[in-house]
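Given the structure is predicted, the values throughout are model-derived calculations rather than measurements.
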Amino acid sequence: LWPWLLASSGLSALVQLVTLPFFPDSPSYLLIQKGNEEACRKAIRKLWGEGDHQAEIDDIMKEKGAMTSTKTLRVLEVIKERSLRWQLYILMTVMTTLQLCGINAIYFYSFEVFHTAKFEEYLIPYVSLGVGLCECLSSILCSTLIDRFGRKVLLWGGYTLMCSVLALLTMTLSLQHRFFWMHYFSVILIFLFVVFYGIGP
């Protein structure tokens, strides 16, 4: 089953490859990068239908004016620029914590946890698939929550809940040989960790 699941991603790539030539170019790309207003109008009509789209074109022109007035900085210039220092620190912190949050360890050791929890061998791949599906669904849920609560709340809340779950998971894995029900609690915590990862970071 796994070879078929891995190969299924190629099907969507093939559909995109075949249908991509029939999609119009981005109107903003045509107007800002190419400077072709007629092709931009044609792409807008193809995307949004016939009608007066002058307001959209005016917005793109404003964006073009803003881009021309903004200086493009090189990497070293961005690092040296004092006004961008805090944004750079925040970006580096978020990306570092994202890499070190423990999601890779959870995915790597989840098979062993499921095996220890006495799941049948043929069921473990489906439980692992459920973990991945859980992350997918929580990411979709995040897109609806981010407008309501904001990115900062989701980041802080996600990381706080993930730390709590990892602490509990460490405890349940340490005590799994003393209490038989700890195995199942560990499985629940793995699912919870993945959900909080999808909603937060």
Side-chain angles (χ1 to χ4, degrees), residues 6 9-10 12-13 16-17 20-21 23-37 39-40 43-44 47 53 55-110 128 131-170 189-201:
L6 287 171
S9 60
S12 61
Q16 290 177 33
L17 189 66
L20 194 60
F23 284 95
D25 287 319
S26 165
S28 58
Y29 165 77
L30 291 169
L31 191 57
I32 295 171
Q33 302 293 330
K34 296 290 186 180
N36 192 339
E37 189 172 335
C40 173
I44 286 175
L47 287 167
H53 301 293
E56 287 82 2
I57 292 171
D58 291 341
D59 286 341
I60 297 171
M61 290 300 289
K62 286 177 188 174
E63 185 184 340
K64 184 179 182 181
M67 285 177 69
T68 51
S69 63
T70 305
K71 183 187 174 186
T72 305
L73 299 175
R74 294 192 181 101
V75 176
L76 286 175
E77 290 174 332
V78 170
I79 294 170
K80 291 176 183 176
E81 183 64 44
R82 285 187 175 273
S83 61
L84 300 175
R85 195 69 52 84
W86 274 108
Q87 292 94 318
L88 195 62
Y89 289 154
I90 291 168
L91 184 65
M92 288 172 65
T93 304
V94 169
M95 295 311 295
T96 304
T97 52
L98 191 62
Q99 294 300 316
L100 301 175
C101 70
I103 189 68
N104 293 326
I106 289 291
Y107 275 122
F108 186 79
Y109 289 110
S110 61
S128 300
V131 172
L133 186 64
C134 213
E135 183 181 350
C136 182
L137 292 175
S138 60
S139 300
I140 294 168
L141 179 63
C142 175
S143 63
T144 59
L145 293 175
I146 196 166
D147 293 329
R148 191 170 188 181
F149 298 106
R151 188 75 180 139
K152 189 188 286 187
V153 173
L154 290 182
L155 275 173
W156 278 107
Y159 278 123
T160 304
L161 291 168
M162 285 163 63
C163 285
S164 305
V165 168
L166 281 179
L168 286 170
L169 188 60
T170 304
L189 288 172
I190 285 174
F191 275 90
L192 282 175
F193 183 88
V194 171
V195 168
F196 295 145
Y197 173 79
I199 291 174

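Under the 4.5 Å side-chain criterion, counting only non-hydrogen atoms from C-beta, Leu169 is not in contact with Phe193. No side-chain heavy atom of Pro27 sits under 4.5 Å from any side-chain heavy atom of Glu56. For the pair Met92/Leu88, a side-chain contact is recorded, criterion being any heavy-atom separation below 4.5 Å from C-beta on.
By the side-chain contact (heavy atoms from CB on, under 4.5 Å) test, Gln99 pairs with no residue at all, sequence neighbours left out. For the side-chain hydrogen bond (donor to acceptor under 3.5 Å, both in side chains) test, residues two or more places apart in sequence or in another chain that qualify with Ser28 are Ser26. Scored by the side-chain hydrogen bond (donor to acceptor under 3.5 Å, both in side chains) test, Ser164 finds no partners at all (sequence neighbours excluded). For Ser83, the side-chain hydrogen bond (donor to acceptor under 3.5 Å, both in side chains) criterion is met by Glu81, not counting sequence neighbours. The side-chain contact (heavy atoms from CB on, under 4.5 Å) test applied to Gln87 returns Leu84, not counting sequence neighbours. Residues passing the side-chain contact (heavy atoms from CB on, under 4.5 Å) test with Ala39 are Leu30, Asn36, sequence neighbours excluded. Considering only residues two or more places apart in sequence or on other chains, Glu37 meets the salt bridge (Lys or Arg N to Asp or Glu O under 4.0 Å) condition with Arg41.
For Phe191, the CZ atom counts as densely surrounded, since its 6.0 Å shell holds more than 12 non-hydrogen atoms of other residues, nucleotides or ligands.
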Please tabulate, for side-chain N and O atoms in residues 132-141, each donor-acceptor pair with protein atoms closer than 3.5 Å (sequence neighbours left out).
| from | atom 1 | to | atom 2 | distance (Å) |
| --- | --- | --- | --- | --- |
| Glu135 | OE1 | Tyr107 | OH | 2.3 |
| Ser138 | OG | Cys134 | O | 3.1 |
| Ser138 | OG | Glu135 | O | 2.9 |
| Ser139 | OG | Glu135 | O | 2.9 |

Please tabulate, for side-chain N and O atoms in residues 146-154, each donor-acceptor pair with protein atoms closer than 3.5 Å (sequence neighbours left out).
| from | atom 1 | to | atom 2 | distance (Å) |
| --- | --- | --- | --- | --- |
| Arg151 | NH1 | Gly200 | O | 3.2 |
| Arg151 | NH2 | Pro201 | O | 3.0 |

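Between Val94 and Tyr159, the shortest heavy-atom contact is O-OH, 3.9 Å. The two residues Tyr197 and Met162 make their nearest non-hydrogen contact at CA-SD, 3.7 Å. Between Cys142 and Ile199, the shortest heavy-atom contact is SG-O, 3.2 Å.
Residue pairs satisfying the ring-ring contact (aromatic ring centres under 6.0 Å, His included) criterion with at least one member in residues 82-102, sequence neighbours excluded, are listed as follows: Trp86-Tyr89.
Going from atom CG of Leu31 over to atom CD1 of Ile44 covers 8.0 Å, rounded to the nearest 0.5 Å. Distance CG/Asp25 to CD/Gln33: 11.5 Å, rounded to 0.5 Å.
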### Task
Under the side-chain contact (heavy atoms from CB on, under 4.5 Å) rule, what do Ile103 and Leu98 come out as? Steps first, then yes or no, please.
CA-CA 9 Å; Ile103 189 68; Leu98 191 62; over 6 Å; no

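Between the side chain of Arg85 and the backbone N or O of Val78 there is no donor-acceptor pair closer than 3.5 Å.
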